[in-house]
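Reckoned from all heavy atoms, side chains included, excluding hydrogens, waters and symmetry mates. We number each residue from 1, following the sequence as shown.
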Amino acid sequence: RPLHGLLLIVLMEMLGPLIFGTAVAATIGKGLIAQPAITPSVIVCAATAATLWTLITITFALPGSMSHALLGGLVGAVMISFGPGYVEWGGVARVLLLLFIAPPAGFLLAQGVARLIYACARGAAPRIETAFRRTQFVTSAVMIMAHGANDAQKTMGIIAMGMLALGYTAHFTVPLWSVVLSALSLSLGMATGGWRIARAVGFKAVRLRPTGALAAQVATMSVILTGVEIGTPLTTTQVLTSGILGAGSVPGLSRVRWALVRQLLAAWIMTLPCATILGALLAWLARPLGVG
């Protein structure tokens, strides 16, 4: 039931960063821009650009990428406010590379897991799908935990950067209260506006039986938790969508609604440049205000 799913989301989103640490938040806060460029105006411009672009994608029920949007917003704001020399281009390139590798990895891994499950379950009684549905309670919980360990840490990283910029902390640190607030905000977003994207990802691209859904979840949590372990911010929505397409295409490529897939790809490709332009534009508008 949706309410039960929402309660599960709240709990698992909080447990994710508490169990798997805050390496992703550290990458956001320390690995993308030089410390002198961490100012309130840069943070506000970057966060606003990422939020505006995410709201645009939500309006059209397209799963965007907060990682791409936040990265673009930070780069655009810093380049206008301080110059290209204050961008940590090595860290940006590393994050970009893994962001582009993650969706194909999710597709291939989900397809491989789905084929393995189909092979092992060949000839089994139809009631085996009931077992797959029950297993999904576990895989769903772990996948949400992986989402919290990855996506919620982006918000934590921004909060920690703000505290550092305002002088509340002497060095980059992620307080416990930011973990709780970030998890709650993600859950609130899902409750208020996330259902449209959930329906688009879960039903419109390709229909999955429990076997394929289980494969997509296993692939998603494996890829995302790998990113968490190496401290790289990935986009759970992209990896999950790719996993759904990978698992759903095993019976036949004709089952995939490629028109919707092209829309999803266009939204992903446009996110980084559009967020960069938005971040740069907001920083340019803020310069006459003399905001530090």
Using side-chain heavy atoms (C-beta onward) and a distance below 4.5 Å, is [X] in contact with [Y]?
{"X": "L71", "Y": "H68", "value": "no"}
{"X": "L272", "Y": "V75", "value": "no"}
{"X": "V24", "Y": "D151", "value": "no"}
{"X": "M79", "Y": "T276", "value": "no"}
{"X": "H147", "Y": "I224", "value": "no"}
{"X": "S81", "Y": "W284", "value": "no"}

Whether [X] side chain and [Y] backbone form a donor-acceptor pair below 3.5 Å:
{"X": "S140", "Y": "F137", "result": "no"}
{"X": "E229", "Y": "L225", "result": "no"}
{"X": "S222", "Y": "V218", "result": "yes"}
{"X": "T27", "Y": "G231", "result": "yes"}
{"X": "K30", "Y": "Q35", "result": "no"}
{"X": "N150", "Y": "P233", "result": "no"}
{"X": "T173", "Y": "T169", "result": "no"}

Can you get from [X] to [Y] by hopping between Ile, Leu, Val, Met, Phe, Trp and Tyr side chains that sit under 4.5 Å apart?
{"X": "W89", "Y": "L97", "answer": "no"}
{"X": "L96", "Y": "L32", "answer": "yes"}
{"X": "L278", "Y": "V44", "answer": "no"}
{"X": "L108", "Y": "M221", "answer": "yes"}
{"X": "V42", "Y": "L282", "answer": "no"}

Exercise: identify the closest heavy-atom pair between [X] and [Y]:
{"X": "F132", "Y": "P210", "result": "CB-CB, 4.0 Å"}
{"X": "T211", "Y": "E129", "result": "OG1-OE2, 4.4 Å"}
{"X": "M161", "Y": "I33", "result": "CE-CD1, 3.8 Å"}
{"X": "G106", "Y": "A219", "result": "O-CB, 3.8 Å"}
{"X": "S185", "Y": "S182", "result": "OG-O, 2.8 Å"}
{"X": "Y118", "Y": "G212", "result": "OH-N, 4.3 Å"}

Between atom [atom1] of [X] and atom [atom2] of [Y], what is the distance when rounded to the nearest 0.5 Å?
{"X": "I144", "Y": "L8", "atom1": "CD1", "atom2": "CG", "value": "4.0 Å"}
{"X": "T155", "Y": "I28", "atom1": "OG1", "atom2": "CD1", "value": "9.5 Å"}
{"X": "R209", "Y": "I117", "atom1": "CZ", "atom2": "CD1", "value": "13.5 Å"}
{"X": "M270", "Y": "T57", "atom1": "CE", "atom2": "OG1", "value": "10.5 Å"}
{"X": "Q153", "Y": "S178", "atom1": "CD", "atom2": "OG", "value": "9.5 Å"}
{"X": "F20", "Y": "L15", "atom1": "CZ", "atom2": "CG", "value": "9.5 Å"}

Evaluate V87 against L74 for side-chain contact (heavy atoms from CB on, under 4.5 Å), listing each step before the verdict. CA-CA 9 Å; V87 178; L74 280 172; over 6 Å; no

Check this for me: Y86, atom OH, are more than 12 non-hydrogen atoms of other residues, nucleotides or ligands nearer than 6.0 Å?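 Open.
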
Could you go step by step and tell me if L214 and V113 meet the side-chain contact (heavy atoms from CB on, under 4.5 Å) rule? CA-CA 9 Å; L214 181 63; V113 173; over 6 Å; no

Could you list the cluster mates of L166? Members are the ILVMFWY residues connected by side-chain heavy atoms closer than 4.5 Å, either directly or through other members.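 When side chains under 4.5 Å apart are linked, the cluster holding L166 also contains I159, M163, Y168, W177, L181.
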
